[in-house]
Amino acid sequence: MTSGTPQISLYNTLTRTKEPFTPLDANNVRMYVCGPTVYDFAHIGNARPVIVFDVLFRLLRHVYGAEHVTYVRNITDVDDKINARALRDYPDLPLNEAIRKVTEKTEAQFLSDARALGTLEPTVQPRATDNIAEMQALIGSLLQRGHAYNAAGEVLFDTTSMPDYGQLSGRNLEDNLAGARIAVDAHKKNPADFVLWKQSSDSEPGWDSPWGRGRPGWHIECSAMSERYLGQTFDIHGGGLDLIFPHHENEIAQSRCAHGTHAMANIWMHNGFLQVEGQKMSKSLGNFVTINELLETGAMGGRAWIGDVLRLAMLMTHYREPIDFSVKRLEEAEAKLRDWQRAARGAELAEDAAPDASVVAELTDDLNFHRAAVALDFIAKKANRDGGESARSCLAATLRFLGFGLSSLLTSGDGWEEPPHIATAIADRLAALNSRDFAKADAIRNELAEQGIALMDYKDETGQRQTRWEMKHD
RNA sequence: GGCCACGUGGCGGAGUGGUUACGCAGCGGAUUGCAAAUCCGCGUACUCCGGUUCAAUUCCGGACGUGGCCUCCA
């Protein structure tokens, strides 16, 4: 990190303020984000943290160097919802086999969705089931330090053993007591106590442990995996707003009490929720939509949308604000991205070309992507004016930095090869135009239009009429 | 009931104690064989009620509305 390093500031849920970000170790900036529980296809709400924290990952890599950032996003592959799904979908298979089928299939789908959304792979994507021993070690340490107790075959965290429990969510134990709407399990010392390890019946997945054959509670996996890959204290922990309580609160309690530290992560970041067409997303309302459906079916607006468009539609709104995910929003994102790609087309793009500094500067202000987009508009406008070569390259480099394809909306995707008949048709049409046979020229244009190809005429530097084309998406 | 967000023009969406985004759509112009694309120009706003202030959309209080959490839901 040099003196010229841009200063990043981030909103910290822990302090409810925006703070300047200073990594514990600028040579290894460490971020943990709660990943999916792999029991079902990821829905569009799940996509938000995936995309938002990818932008942060890219920003951190830019500022501190790609080799100096470690991003961990876990895969939760042990969970009672998974068990239920396995029983439902594969009733004839032995449970362990059925569970593996569910988790492998869902994880593969998630990784494919994440790729389609233009995200970089996290540095490490650990699975909960590969970290059972680490979880058990953590639980052992909590018991030893008097922060946990064994009751009715379960190991529970003793919330009263932590004086500042509830710091992140702004709750105290009394609040929780007053709000408790479910019957408190009789074996809990305090209603807020939560399970670290629970017993498994013969028909449930389980691992041997000092406390009997069982399985981990929900929160302990993240404490274990973040410690393994990032250490006892690290820089940034992220996830959705709903995870503040109880998940992150309890992660903090476990990690800090097990290690005797004052902080698990210095900065806690939470993305806002989204609605679909003005309503909260739920299966009963029928507006529950998966990433895969958006990519491949007409689930929204009767047509499919490319990942780049979903990505921009998500980033158009600041990550902490609520989003109303709608067809109109998708259309607007598509139009905007197309504008940028048009302005950047034909750009020279060096391998190491740096993104625009003003765009980076906007992102350093708590990921103000919208202002970054305004800066991009400005560059695109410059590129579209005469002599916009440098602006064009800058735009291309910046789009790449932000995780967008450079021609995904103009052709059938980056790296796609132009069918030869298009060039032939365009040449024929230009010949017709030069002999002022407009009827023939228009016929060719209409024919291509029916194939979803739009033509645009322009004049090159010598004043010659030229034609370029792009795909129409709808 | 407790805790936490949010409420800006037709739409999206920043930001600010006083001048004020930006984009989309809309309108006008340039360009074009006609288009498309592109460029130039133009409009309407800060949920309501109090308070602080010379001045509030911006600060404080309240109301109303929306959403989230308190139930292993991102």
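Numbered from 1 within each chain, the chains take letters A, B, ... in sequence-line order. Just so you know, these numbers use all the heavy atoms, side chains as well, and skip hydrogens, waters and symmetry mates.
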Could you check how far [atom1] of [X] sits from [atom2] of [N], rounded to whole Å?
{"X": "A:Ile426", "N": "B:rA36", "atom1": "CD1", "atom2": "C1'", "result": "13 Å"}
{"X": "A:Leu395", "N": "B:rU38", "atom1": "CG", "atom2": "P", "result": "13 Å"}
{"X": "A:Leu315", "N": "B:rG12", "atom1": "CG", "atom2": "P", "result": "18 Å"}
{"X": "A:Arg338", "N": "B:rA36", "atom1": "CZ", "atom2": "P", "result": "14 Å"}
{"X": "A:Asp366", "N": "B:rA14", "atom1": "CG", "atom2": "P", "result": "12 Å"}
{"X": "A:Leu56", "N": "B:rA74", "atom1": "CG", "atom2": "C1'", "result": "16 Å"}
{"X": "A:Leu168", "N": "B:rA5", "atom1": "CG", "atom2": "C1'", "result": "14 Å"}
{"X": "A:His248", "N": "B:rC73", "atom1": "NE2", "atom2": "P", "result": "14 Å"}

**OP:** Start with the C-alpha gap between A:Gln254 and A:Asn250, add the side-chain angles, then the distance that decides, and say whether side-chain hydrogen bond (donor to acceptor under 3.5 Å, both in side chains) holds.
**Re:** CA-CA 6 Å; A:Gln254 293 163 343; A:Asn250 291 347; over 6 Å; no
Given 3.5 Å as the limit, does a donor-acceptor pair link the side chain of [X] with the main chain of [Y], or not?
{"X": "A:Arg73", "Y": "A:Gln125", "value": "no"}
{"X": "A:Gln341", "Y": "A:Gly405", "value": "yes"}
{"X": "A:Asp324", "Y": "A:Gly278", "value": "yes"}
{"X": "A:Arg338", "Y": "A:Leu409", "value": "no"}
{"X": "A:Asp365", "Y": "A:Ala361", "value": "no"}
{"X": "A:Arg215", "Y": "A:Gln199", "value": "yes"}
{"X": "A:Thr119", "Y": "A:Ala114", "value": "yes"}

Can you figure out which of [options] approaches the side chain of [X] most closely?
{"X": "A:Asn46", "options": "B:rA5, B:rA74, B:rA37", "answer": "B:rA74"}
{"X": "A:Arg342", "options": "B:rA37, B:rG15, B:rC73", "answer": "B:rA37"}
{"X": "A:Lys198", "options": "B:rC69, B:rA14, B:rC72", "answer": "B:rC72"}
{"X": "A:Arg329", "options": "B:rA37, B:rG15, B:rG13", "answer": "B:rG13"}
{"X": "A:Glu321", "options": "B:rC39, B:rA14, B:rC72", "answer": "B:rA14"}
{"X": "A:His370", "options": "B:rA37, B:rA14, B:rG67", "answer": "B:rA14"}
{"X": "A:Val374", "options": "B:rC70, B:rU66, B:rA21", "answer": "B:rA21"}
{"X": "A:Leu274", "options": "B:rA5, B:rC22, B:rA74", "answer": "B:rA74"}

Distance between [atom1] atoms of [N] and [M] (Å, rounded):
{"N": "B:rU57", "M": "B:rU47", "atom1": "C1'", "answer": "11 Å"}
{"N": "B:rG65", "M": "B:rC48", "atom1": "C1'", "answer": "10 Å"}
{"N": "B:rC69", "M": "B:rA63", "atom1": "C1'", "answer": "23 Å"}
{"N": "B:rC40", "M": "B:rU52", "atom1": "P", "answer": "48 Å"}
{"N": "B:rC73", "M": "B:rG68", "atom1": "C1'", "answer": "10 Å"}
{"N": "B:rG13", "M": "B:rG51", "atom1": "C1'", "answer": "30 Å"}
{"N": "B:rU19", "M": "B:rC3", "atom1": "C1'", "answer": "40 Å"}
{"N": "B:rG17", "M": "B:rG29", "atom1": "C1'", "answer": "39 Å"}

**OP:** Enumerate, in order of first residue number, the stems that involve RNA chain B, defined as 3 or more consecutive Watson-Crick or G-U wobble pairs with both distances under 3.5 Å.
**Re:** B:1-7 with B:64-70, B:10-12 with B:22-24, B:26-30 with B:38-42, B:47-51 with B:59-63
Original post:
Between A:Asp377 and A:Lys381, is there a salt bridge with N-O shorter than 4.0 Å?
Top reply: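 Looking at A:Asp377 together with A:Lys381, the answer is no, because their closest N to O distance does not fall below 4.0 Å.
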Original post:
Under a 4.0 Å N-O cut-off, is there an ion pair linking A:Glu389 with A:Arg392?
Top reply: yes
Regarding [X], tell me which of base, sugar-phosphate or nothing describes its non-hydrogen contacts under 4.0 Å with the strands shown.
{"X": "A:Asn384", "answer": "sugar-phosphate"}
{"X": "A:Glu470", "answer": "nothing"}
{"X": "A:Arg48", "answer": "nothing"}
{"X": "A:Asp377", "answer": "sugar-phosphate"}
{"X": "A:His318", "answer": "sugar-phosphate"}

Subject >> A:Glu249-A:Ser169 side chain donor-acceptor pair, cut-off 3.5 Å >> reply: yes
Original post:
Does the side chain of A:Asp79 pick up a donor-acceptor pair with the side chain of A:Thr37 at under 3.5 Å?
Top reply: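 Absent: no donor and acceptor within the cut-off.
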Original post:
Quick one: which of A:Val72, A:Asn74, A:Thr76, A:Val33 gives a side-chain contact (heavy atoms from CB on, under 4.5 Å) with A:Cys222?
Top reply: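 Between A:Cys222 and the candidates, side-chain contact (heavy atoms from CB on, under 4.5 Å) is satisfied uniquely by A:Asn74.
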Under 4.0 Å between a side-chain N/O of [X] and OP1 or OP2 of [N], yes or no?
{"X": "A:Ser169", "N": "B:rC3", "value": "no"}
{"X": "A:Lys381", "N": "B:rC40", "value": "yes"}
{"X": "A:Lys280", "N": "B:rG68", "value": "yes"}
{"X": "A:Asn368", "N": "B:rG15", "value": "yes"}
{"X": "A:Asn271", "N": "B:rA74", "value": "no"}
{"X": "A:Arg385", "N": "B:rC40", "value": "yes"}

Original post:
In B/S/- notation, 5' to 3', how is nucleotides 30-35 of chain B contacted by protein heavy atoms closer than 4.0 Å?
Top reply: --SBBB
Original post:
Taking the nucleotide of RNA chain B with the closest heavy atom to each, which residue, A:Gly240 or A:Arg320, is nearer the 5' end?
Top reply: A:Arg320
**OP:** Take A:Gly278 and A:Ala454, find for each the nucleotide of RNA chain B with the closest heavy atom, and name the residue whose nucleotide sits nearer the 5' end.
**Re:** A:Ala454
Original post:
Under the 5.5 Å and 30° test, is A:Phe273 stacked on the base of B:rA74?
Top reply: yes
